[in-house]
Amino acid sequence: MVRAPKEPIEVDDEVRLILGPTVHGGHSIAHPLGHTAFVRHGLEGEDVTVRITEVRSKFVRADVIEVHEPSPFRVEAPCPWARSYGCGGCDFQHVDVAHQRTIKGAIARESLQRQAGIDVGDLIVEPLGDVDGLHWRTRMRWTIDGAGQAGMLGFRSHGVLPVDECLLASEGITAAQVTDTDWSGVESVHVTEDSRGEVSVWADRELVSGPRKAKQQVRDRTWEIESTGFWQVHPAAAASIVEHVLGLGDPQLGESWIDLYAGAGLISAFLAEAVGVTGNVTAVESYRSAVRDGKRALADLQQVRFVDADVERWQFPDHVDGIVLDPPRRGAGLDVMKSVAAAKPRTVVYVACDPVAFARDAAVLTEAGYALTSIAVLDAFPMTSHMECIAKFEPSA
Ligand SMILES: C[S@@+](CC[C@H](N)C(=O)[O-])C[C@H]1O[C@@H](n2cnc3c(N)ncnc32)[C@H](O)[C@@H]1O
């Protein structure tokens, strides 16, 4: 397609156009006045009017303000704040929940194709038991405005919106009624619900109510972790990730495995049960309290060794059968991926919450002689553009 030459464009300009595909971040691609635009609240093929919200040298941002011809997949957003100039938390409330998964599958596929030259074909994104995609968030952060009112931030904004109820929050978190309290003098309120349904409310770093430690149960094992420390947000995510990692990695009795970015050892625990006492699992994690909580929760598994270290600075052992890595959103990066490949495991299982960072890391592994042989994608964050990819890599020759 020949694109029109660029014409001057400014914030608040309104342009009528047809939206292109949805990309990473949940934006539709469009070309107002010859510019590349990332558009919120749209769907591919829709005839809409957008308002320009930001102008950068290489692209602009825009938001849909009127839909002239809707996509068949457009629905009424359940939350009144999920709209143009509304809350920044959800990208896809205006999209049918099943179609959200189709879009996420296409984004993951396109990321791997573009960043790593890997074609995985059409990806089926698995729901985590959600029917309506609501009330699954077991960890929430509210920002407090100048009047002491808890609210949500707008998209790419420091402005606090008076969102009185977040429809993604778990029922226990909603029952804590954070928005009914005067939080004057506080910057943010953090609320978590553990797997027993116990809710902890923190104002900045002070515990206001509920237990200091959250109890999280997966299969027959329970962790007692700092309630503000890392744990999977969707209540079904931890068990599903474990099931996929074990299914893809197929750890065997007597094997040596490494769990990088291990948190409190969610994955290490079940790898350890699979490799048994004749095998071993090394869990590498840099957040001290996660290491402490993990050591306590896995104390009965003598084959697990926790290492309190930065993965980037850690010396990989000479022999390893399998490596699992579950890095933060930015991915593991070039040096760590080179070290993973250099350790020559028979299997690498990569758990990723950002498909683009994952695809960049996948490119390093494939360059180093590994092939992506299987992938699962979980809809662990309904109503948002986020997803969890779990992929298996094996030596290609
Ligand atoms: C996505 S979480 C995964 C945790 C765990 N696999 C789970 O599912 O509960 C990423 C973890 O990596 C840790 N982390 C981040 N950067 C790290 C680094 N450079 N070295 C070691 N651990 C790191 C974080 O503290 C966090 O616990």
Side-chain angles (χ1 to χ4, degrees), residues 128 137-139 190 192 194-195 213-219 221-249 251 257-274 281-298 301 304-316 322-340 343 348-358 360-361 376-378 380-381 384 386-391:
L128 292 183
R137 282 198 78 96
T138 59
R139 320 176 78 73
H190 194 149
T192 61
D194 70 11
S195 61
K213 293 266 180 175
K215 280 200 177 156
Q216 304 288 9
Q217 183 172 349
V218 179
R219 298 188 174 182
R221 184 166 289 276
T222 303
W223 279 256
E224 213 172 310
I225 59 158
E226 208 178 278
S227 60
T228 50
F230 180 86
W231 196 259
Q232 299 293 339
V233 179
H234 192 294
S240 182
I241 288 171
V242 166
E243 186 188 326
H244 280 92
V245 168
L246 295 181
L248 291 174
W257 279 72
I258 296 172
D259 179 13
L260 300 175
Y261 310 94
L266 167 70
I267 296 168
S268 297
F270 301 103
L271 287 174
E273 289 178 2
V281 177
T282 307
V284 186
E285 165 63 43
S286 61
Y287 186 48
R288 266 212 187 122
S289 83
V291 171
R292 210 171 35 233
D293 295 340
K295 279 184 176 166
R296 203 174 302 123
L298 277 55
L301 295 167
V304 178
R305 182 173 70 102
F306 269 91
V307 180
D308 175 357
D310 231 315
V311 172
E312 288 85 347
R313 302 212 186 104
W314 184 62
Q315 181 69 45
F316 283 62
I323 296 180
V324 177
L325 68 162
D326 183 6
R329 192 163 296 283
R330 65 175 184 276
L334 182 66
D335 292 345
V336 171
M337 294 317 292
K338 280 185 172 169
S339 301
V340 166
V348 177
V349 181
Y350 193 128
V351 183
C353 57
D354 185 294
V356 171
F358 162 57
R360 271 198 304 267
D361 287 345
V377 188
L378 309 181
F381 310 91
T384 78
H386 300 290
M387 67 197 90
E388 200 78 33
C389 299
I390 307 167

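Values below: all heavy atoms of this structure, side chains included; hydrogens, waters and symmetry mates excluded. Numbers here are sequence positions counted from 1. One-based numbering, in listed order, for ligands and for the atoms of each.
Ion pairing between K338 and D335 fails under the 4.0 Å rule for side-chain N and carboxylate O. Comment: D308 engages R288 in a salt bridge, judged by a side-chain N to carboxylate O separation of less than 4.0 angstrom.
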Can you give me a line-by-line list of nitrogen or oxygen pairs between ligand 1 and the protein shorter than 3.5 Å?
unit_1, atom_1, unit_2, atom_2, d
ligand 1, 6 (N), Y261, O, 3.3
ligand 1, 6 (N), D326, OD2, 2.9
ligand 1, 8 (O), Q232, NE2, 2.9
ligand 1, 8 (O), D326, OD2, 3.2
ligand 1, 16 (N), R330, NH2, 3.3
ligand 1, 19 (N), D310, OD1, 2.6
ligand 1, 19 (N), E312, OE1, 2.7
ligand 1, 20 (N), V311, N, 2.9
ligand 1, 22 (N), S286, N, 3.2
ligand 1, 22 (N), S286, OG, 3.2
ligand 1, 25 (O), E285, OE2, 2.6
ligand 1, 27 (O), E285, OE1, 2.8
ligand 1, 27 (O), E285, OE2, 3.3

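Looking at T138, its side chain does come within 3.5 Å of a backbone N or O of V233 through a donor-acceptor pair. A donor-acceptor contact shorter than 3.5 Å links the side chain of D354 to the backbone of A357. Side chain of D194 to backbone of K215: a donor-acceptor contact under 3.5 angstrom is found.
Ring geometry for H386 against F381 counts as perpendicular: the plane angle is over 60°, on a 0 to 90° scale with 30° as the lower cut.
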